[in-house]
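So the structure is just underneath, and the comments pick up after that.
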Amino acid sequence: MTIETRIAQQLTAAVKDGFVRQGKRGGKAIVTRVAQDELKLGRKVAEGLLPDIIQKQGLKLPAGMKAADIANLGAYLKRLDNHFDLAGATASIQTALAKGKLDAGQLARGAEQALYADRGVAHLDFARLDKAGFSVGQLERLRRFADSHATSQGGKYLKVAARGVEGADLVKAQQLVAGAIAQDAGLVVPKGGVEVKTLLSILRDLGTEDPRDAKAIVQIANQAFKTGTTDYYAINTQATRHLLGNLGADATLLNGMEVSDAALKAALPKLDAKVARAEQLRLLRDRLRVLPDGHRQAAIDVLRRSKASLTTFDGPLGNHFDAQLQALTGGNAALTGHLTTGMAVQQRANLLSDFANLPADVRTKAFAGLTGAPEQQAKAAVDRLAGFSEDRFGVKVHRAVGQSPFAGQGADAQVIDWSVQGVTELYNGLEKLTGGRKLGAVQGTTYFHLLGDETPLSKQAASREKQLLTQYRPGAGAYRPNQSGLMGKEFRGMGYRTEVGGQEYVALYDTALKLDNSNRVAGISRGEGTIVHETGHVVQLGGKQEQQAIREWSLLSNWREPDHQVADGVFKDGSSYYKDPAVALGDRKLVVTQYAATDPVEDWAEFSRVFMLDPKLALTVSPEKFLYMNKAYENHFTGTEIQAFAQQTGIGPLGLQRAAAALKKKLAA
């Protein structure tokens, strides 16, 4: 049974149980479990289920209701592609029908008011939009806009729009939302204004960076605004050059790599020169950022010696990566050639990072003395690395191709054997997360590998590299049932955690091996970070204390449910939720990424990743969260190490003492 089929069956069963009929707080646990596991439906499956959901939601339509109103109401409900919003809207419509309201426009407007209220928008603020003449469609688009660009804080900015707009001007309302989000992010917008698309693109960039680099982008953007530069691509180019400088690619190197607009147009004919320049610089940063320091410097030296340009750097870098990979496999040219067949340059950079991060003794044991055909050598290396992971960390590595790891589930064509790259990232991620120990919460977890896309690997990686900078909206899809928060339609996802029959499972999609490490710590591949992230879910979730664990963590970023109670993953009636857009984040500065701002459990998993891979950054973002997490991970860092981090970050002993006291007070509340 495929994952999509299993989800479809579970959601259909949930519909029949009356999930939507009971309203937002009557959701069945099975629906939440599906969403919580991040098993995303393909669009075809979602479209096939949606009519069934609408038909079975229990709306008692009066006999006198006009056919046109029924059709229009159905069209409105079909556009609500988040099951929490569908539930909230349906509850509102059912109440209105019971009061004799039959007009589809009035029913939909009342449903929108209910969804705005869920996000904390008071009746008076909604009434301002109503009085201004906003249509139902405009209200819906404004709500989606705020949700997309201010993940988990949409209501905050909807209120800004309601209080500032005059007339039914959707564009102006969106400008107000974008401006307010930008201001909270630290951007100082000049009086003359900045195009909304520019602001949203900069916000998109901030959402894909760690807080340290995001701060640098804000400073560069503000300086550009002061000098009258408001073109997004000019600002992006300045920011990327600065961040490349932080990686060791200084201005001398980058100036030497520059080419004319005509040369860029010739190399990338479908792009404007300014877009091509920004895109090529971003790709260069992707290549270098994933590499550990020593290997990054070696790659930069190759760029200097080869006199590479912005249009040719992949050639010398690709050759260099191949040579380095061969050296790290003990000079095994046959194995290296087999592993890199069809790989785009970014994945070869990722693989180099993975091999370089393996402890030297583990790497030697994994690749020493391999014989036979290259594919046999690769299988033997997987066998060894999987065994090392099982022995060292007390986990299980599922190896049955085409068979579901879940007991009794049978065949699953999406399950593949581990690749050398995947099992390397598994070992590296577990090493960083556990510190080489058999962490109690992680022991016994089963890890399995999934095919993420049917597109051939080389074409898939290449297609990712051809995406334009403007194609991504911050937070877009964060609350859509068939998309992951920061991935697009192109990929199903990177991984997920689930619990079946009391057993913990973590899946790694092979797409996680192919992407750059944007939104990831420098020197660490995305797949490695994914293992840390998903295993972080294992540590927080599952068991009798899950609700308490979510609540305690929510206290530290002020996550709140629609009724203003501290978020704990469960509503008062016992129904669970996950990525409900009405569950709001109180302090965006205390979460480390845009994806962390989608739900308290993603906040935990993302902070886990930064905590393990860049502890000084995590401590800077929130000393309270750092101390809480360190205890949850069985004192991952020693007191001496934490004191050293505090000294190096300027927090100091006094800052640690204050954080510890504040943490104790919050948990006691």
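Here the structure is a predicted model, which means the values were calculated and not measured.
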Requested in this report: Measure the spacing between CD of Glu534 and CZ of Arg609 and express it to the nearest 0.5 Å.
Outcome: 11.0 Å

Query raised in the report: Should the ring pair Phe645 and Phe637 be called parallel, tilted or perpendicular, given that the plane angle runs from 0 to 90° and is split at 30 and 60?
Result: perpendicular

Query raised in the report: Thinking salt bridges, do Arg526 and Glu425 make one under a 4.0 Å N-O criterion?
Result: no

Query raised in the report: Does the side chain of Asn630 come within less than 4.5 Å of Asn635's, by heavy atoms?
Result: yes

Query - Under 3.5 Å side-chain donor-acceptor pair for Glu504 and His537 - result: no

Query raised in the report: So, for Leu617 and Arg212, which heavy atoms are closest and what is the spacing to 0.1 Å?
Result: CB-NH2, 3.3 Å

**Report entry** Backbone N/O of Met494 and side chain of Thr511: donor-acceptor pair under 3.5 Å
**Finding:** no

**Report entry** Check: Ala373 main-chain N/O paired with Gln376 side-chain donor or acceptor under 3.5 Å
**Finding:** yes

Query - Rounded distance (nearest 0.5 Å) linking atom OG1 of Thr240 with atom CD1 of Ile217 - result: 7.0 Å

Query - Inter-residue atom distance Leu433.CG - Ile531.CD1, 0.5 Å rounding - result: 10.0 Å

Query raised in the report: Should we count NZ of Lys432 as having more than 12 external heavy atoms under 6.0 Å?
Result: yes

Query - Over 12 non-hydrogen atoms of neighbours within 6.0 angstrom of CD in Gln647 - result: no

Query raised in the report: Are Thr329 and Thr336 close enough that a side-chain donor and a side-chain acceptor fall under 3.5 Å?
Result: yes

Query - Non-hydrogen atoms of Leu288 and Ala299 that approach each other most closely - result: CD2-CB, 3.9 Å

Query raised in the report: So which heavy atom on Ala366 is nearest to which on Phe388, and how close?
Result: N-CE1, 4.1 Å

Report summary line: Heavy-atom closest pair (Trp418 atom, Val423 atom, distance to 0.1 Å) is CE3-N, 3.6 Å

**Report entry** Thr598 side chain vs Gln594 backbone, donor-acceptor pair below 3.5 Å
**Finding:** no

Query raised in the report: Has the side chain of Gln443 got a donor or acceptor atom that lies under 3.5 Å from a matching backbone atom of Lys438?
Result: yes

**Report entry** Test item: Asp510 side-chain N/O and Gly422 main-chain N/O as donor-acceptor pair under 3.5 Å
**Finding:** no

Query raised in the report: Step by step, would you call Arg282 with Asp205 a salt bridge (charged side-chain N to carboxylate O under 4.0 Å, His left out)?
Result: CA-CA 11 Å; Arg282 183 185 71 83; Asp205 293 343; over 6 Å; no

Query raised in the report: Of all heavy-atom pairs between Arg392 and Tyr427, which one has the smallest distance, and what is that distance?
Result: CD-OH, 3.0 Å

Query raised in the report: Ignoring hydrogens and geometry, is there a side-chain-to-backbone donor-acceptor pair from Arg363 to Leu358 under 3.5 Å?
Result: yes

Query raised in the report: Under 3.5 Å, is there a donor-acceptor pair between the Gln297 and Asp301 side chains?
Result: yes

Requested in this report: Please assess Asn332 against Phe367 for the test side-chain contact (heavy atoms from CB on, under 4.5 Å), listing each intermediate value before the final yes or no.
Outcome: CA-CA 8 Å; Asn332 192 329; Phe367 300 122; over 6 Å; no

Query raised in the report: Parallel, tilted or perpendicular for Trp604 and Tyr628, by the 30°/60° rule?
Result: perpendicular

Query raised in the report: Can you check whether Gln346 reaches Arg287 side chain to side chain, under 4.5 Å on heavy atoms?
Result: yes

**Report entry** Atom pair CZ (Arg285) and CG (Asn246), whose distance is rounded to the nearest 0.5 Å
**Finding:** 8.5 Å

Query raised in the report: Of all heavy-atom pairs between Val415 and Ser404, which one has the smallest distance, and what is that distance?
Result: CG2-CA, 4.3 Å

Requested in this report: Determine yes or no for a side-chain-to-main-chain donor-acceptor pair under 3.5 angstrom, with Asn428 supplying the side chain and Asp354 the backbone.
Outcome: yes

Requested in this report: May I have the step-by-step check of side-chain contact (heavy atoms from CB on, under 4.5 Å) for Phe321 and Met343, ending in yes or no?
Outcome: CA-CA 11 Å; Phe321 295 157; Met343 279 190 179; over 6 Å; no

**Report entry** Glu279 bridged to Lys270 by N-O distance under 4.0 Å
**Finding:** no

Requested in this report: Calculate, to the nearest 0.5 Å, the distance between atoms CG and CG belonging to Leu291 and Leu247 respectively.
Outcome: 9.5 Å

Report task. Keeping the roles fixed (side chain from His398, backbone from Gln403), state whether a donor-acceptor pair exists under 3.5 Å. Result -> yes

Report task. Output yes when Arg348 and Asp314 qualify as a salt bridge under the 4.0 Å nitrogen-oxygen rule, no when they do not. Result -> no

Requested in this report: Identify whether the distance between the nearest side-chain nitrogen and carboxylate oxygen of Glu209 and Arg289 falls below 4.0 Å.
Outcome: yes

Query - Student check: side-chain heavy atoms of Phe313 and Gln280 closer than 4.5 Å - result: yes

Requested in this report: Using modelled atom types only, decide if a donor and an acceptor are shared between the side chain of Gln377 and the backbone of Gly372 within a distance under 3.5 Å.
Outcome: yes

**Report entry** Intermediate values then yes/no, side-chain contact (heavy atoms from CB on, under 4.5 Å), Arg384 and Leu370
**Finding:** CA-CA 11 Å; Arg384 293 177 182 181; Leu370 296 175; 3.5 Å; yes

Query raised in the report: Do Asp383 and Arg399 meet the salt-bridge criterion of a basic N to acidic O distance under 4.0 Å?
Result: yes

Query raised in the report: Is Asn350 reaching over with its side chain to a backbone N or O of Leu513, donor-acceptor style, under 3.5 angstrom?
Result: yes

Query raised in the report: Is it true that the side chains of Tyr509 and Thr530 contain a donor and an acceptor less than 3.5 Å apart?
Result: no

Report task. Carefully, step by step, assess Arg277 and Asn236 under the rule side chain to side chain donor-acceptor pair (under 3.5 Å). Result -> CA-CA 10 Å; Arg277 179 170 283 104; Asn236 178 271; over 6 Å; no

Query - Trace of the side-chain contact (heavy atoms from CB on, under 4.5 Å) decision for Leu426 with Leu508 - result: CA-CA 9 Å; Leu426 173 63; Leu508 178 71; 5.8 Å; no

Query raised in the report: Using a distance-only test with no angle check, is there a side-chain donor-acceptor pair under 3.5 angstrom linking Thr638 and Thr640?
Result: no

Report task. State the CG-CE distance between Leu284 and Met257, to the nearest 0.5 angstrom. Result -> 5.0 Å

